[in-house]
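FYI, side chains are in, hydrogens and waters are out, and symmetry mates aren't considered; it's all heavy atoms of this structure. Just so you know, ligand 1 is whichever comes first in the structure, and atom 1 is the first atom listed for that ligand.
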Amino acid sequence: MGTVTEYFGSMVFDDRVMKATLTAEVYASLKKTIDEGTELDIGVANAVATAMKDWAVSKGATHFTHWFQPLTGITAEKHDSFISPSPDGGVIMEFSGKELIKGEPDASSFPNGGLRATFEARGYTAWDPTSYAFIKGKTLCIPTAFCSYGGHALDKKTPLLRSMEALSKQAIRILRLFGNDAAKCVRSSVGPEQEYFLITKEMYDLRPDLRFTGRTLFGAKPPKGQEMDDHYFGVIKPRVEAYMEELNKELWKLGILAKTEHNEVAPAQHELAPIYTTTNIATDHNQLTMEIMQKVAARHGLVCLLHEKPFAGVNGSGKHNNWSIATDAGQNLLSPGETPYENAQFLLFLCAVIKAVDDYQDLLRIAVATAGNDHRLGANEAPPAVVSIFLGDELNAVLEAIETGTPYQGAEKTQMKLGVDVLPKFNRDTTDRNRTSPFAFTGNKFEFRMLGSSNSIACANIMLNSAVAESLKIYADRLEGAEDFETALHAMIRKTIKDHKHIIFNGNGYDDGWIKEATEKRGLLNYRTTPDCMPHLLDEKNVRMLTSHGVYSEAELQSRCEIMLQNYCKTVVIEANTMVAMAKTQIAPAVEAYTAEVAKAASVKKALDSSLACSYETGLVRRLSALTDRIAVKAEELEDALLFLDRAEDIVVESEMIRDTVLTKMGELRIACDEAETLTAKQYWPYPSYADLLFGVQ
Ligand code: ADP
Ligand code: MG
């Protein structure tokens, strides 16, 4: 296969291939579309389509697909072959500009939350030329947006692109005020760190809970978990190493910059991080990464679990969204500069983020809300459900000095009262000593740590980009009309710090005391679960902000709220049904069989010698019988709770019933079953234990 530099991006129709296969004129025109979003002329589209097809066919591709990201959170594709009959009975391989630009999948079964009536069930897909086409298997995949005929976005890519545009527009206004006339656009970039578990396929197949829900619904604590901290950054086992090697290769061929890999805290848990790139592409790449992770695992007799909480009692998996904004010339706007003037600009962007995160805490929480992530947030392994910002000592001191008008005691003792020219030069604080913060400044980027491992990163970045665009808009409106720019700037930075400092918290986010302080003293939001937060998507302030920047229409927001709540309900209902089935058809019968075995042993002993007490056997039989009774009762109560869901008048009420009753009953059933597992002989237990699952891969 050659060296990495030779095969990197070999399956991508990237700039190198475009340059090599397109005429100078077509290339220039396509490049303009990619960089500036200008419309593509059909002649150019035809030329690009032909070049793409020839290139793909030369790599063995037979099909093409419009690859899109519906609201299921995963990707979708419907393959069409390139073949077209020729008059002589044979076929030729064809692909037109029209087919490249627009597709019409019969996509009526995707969730649309009321955005499409069945009579106009067809959606259409539209090429996103800013993300390169690539080959997966035998198929040329063309990244596309997915919309209804009425023009409503039915996917995650469209609002993401809109949010990037909104952010760019407002950031450019600010840059102009600082005298930057050269920047054409501003882009947000993301490096998502992806956590996952690897277990063996043999064990996975024996667990209906993993197969149907992606997580274990039962399982007694193993004798050893993560308490020794011996897995984190530990030596990677040979089988896992072989997996990672092939995974990297596959990702590199797709032009995905897989960079870092290591073992994570929980046994069987690992992480992969790519080098950061433009948010839109990072999102496509992360979706692909999750898919390839699972595919490559299958080739190694393994299963890659992307669920946020596959195992109780050990850490779950998240996804850290490292986010920054930079100009097209590559200037990172979240990087403190060399001069006070640059630092004033930096502080303004920093303040814009602080204000955005505070004003839209709810949207950030909503962006990561799923049934799976609810198990993780606030469970002492991930940030709490309360959003706060960590800035580090140095920046904190700078902000405090600005707010109070006192001298900054940092690297240079400068009075920071007036205009831009006296804002200090300060050292970049790259030490990220706080791993417990949901939203941490890490030197030249923010790390949003609340995302679940299976989340599409689109949602979080849509909200982040939009909220920051809103802060910047407010700033630009004010500064553009200011009589004296420097005074107005200083006043605004100071006001932001005053108004929003309650969101800044540099202490331990896992501390219970923090939640109390955050909610009672600081008035920060604490939406513990998906049903708690999701309806707030439609709060007036949120709808106003998101629609005013053209990121979502009101109807699109309503549909998202509906779909996310439906998704929550369906997920938990499937889990509950799986539990009931497992408890009734496998666990209870197993415990029953073992009880009978023990009872038989006791009666055999008694028959031999009636004076034997058999207290071990009788005691065990009593405990096991009591447990089988409890399992039966709890399974029935859970079934009843599920029946009650029919009475819910709408999806919000249904989700609340699930949160309050179904999940509680699931917890009770689990306790009874897990206790039974600890008392039942291993050969009777129908499932691999936690120890088997977590320590099974060598
Ligand atoms: P850690 O585990 O210490 O957070 P990693 O190296 O695992 O660090 O991950 C850091 C991630 O942040 C990588 O994906 C990296 O590419 C990304 N990153 C680095 N600089 C930036 C930046 N300016 N903007 C966005 N992401 C960045
Ligand atoms: Mg990190």
Is the closest heavy-atom distance from E447 to ligand 1 below 4.0 Å?
yes
Please list, chain by chain and in numerical order, all residues satisfying ring-ring contact (aromatic ring centres under 6.0 Å, His included) with H502, sequence neighbours excluded.
none
Quick one: does S189 get an N or O within less than 3.5 Å of an N or O on ligand 1?
no
Please determine if P274 has a nitrogen or oxygen closer than 3.5 Å to a nitrogen or oxygen of ligand 1.
yes
Check: H549/E470 side-chain N/O donor and acceptor closer than 3.5 Å:
yes
Which bit of T442 is near ligand 1, meaning a heavy atom under 4.0 Å away: side chain, backbone, both or neither?
neither
Heavy-atom contact check, 4.0 Å cutoff: does E193 meet ligand 1?
yes
Has ligand 1 got any nitrogen or oxygen that is less than 3.5 angstrom from a nitrogen or oxygen of Y276?
yes
Which ligand 1 atoms are under 4.0 Å away from a heavy-atom of N332?
23 (N)
Distance filter under 4.0 Å to I275 heavy atoms, resulting ligand 1 atoms:
16 (O)
Answer yes or no: does atom CG of D35 have more than 12 heavy-atom neighbours from other residues, nucleotides or ligands under 6.0 Å?
yes
Single hit among F390, Y510, W514 for ring-ring contact (aromatic ring centres under 6.0 Å, His included) with F505:
W514
In terms of atom number and element, which parts of ligand 1 are under 4.0 angstrom from non-hydrogen atoms of G191?
14 (O), 26 (N)
Checking N461 against T279: is there a side-chain donor and acceptor pair closer than 3.5 Å?
no
Ligand 1 atoms nearer than 4.0 angstrom to some heavy atom of N322 are 10 (C), 11 (C), 12 (O), 17 (C), 25 (C), 26 (N)
Would you sort out whether F695 and Y690 count as a ring pair (Phe, Tyr, Trp, His ring centres under 6.0 Å), showing the intermediate values?
CA-CA 8 Å; F695 297 95; Y690 262 35; over 10 Å; no
Considering only residues two or more places apart or on different chains, which pairs with a residue in residues 180-192 satisfy salt bridge (charged side-chain N to carboxylate O under 4.0 Å, His left out)?
none
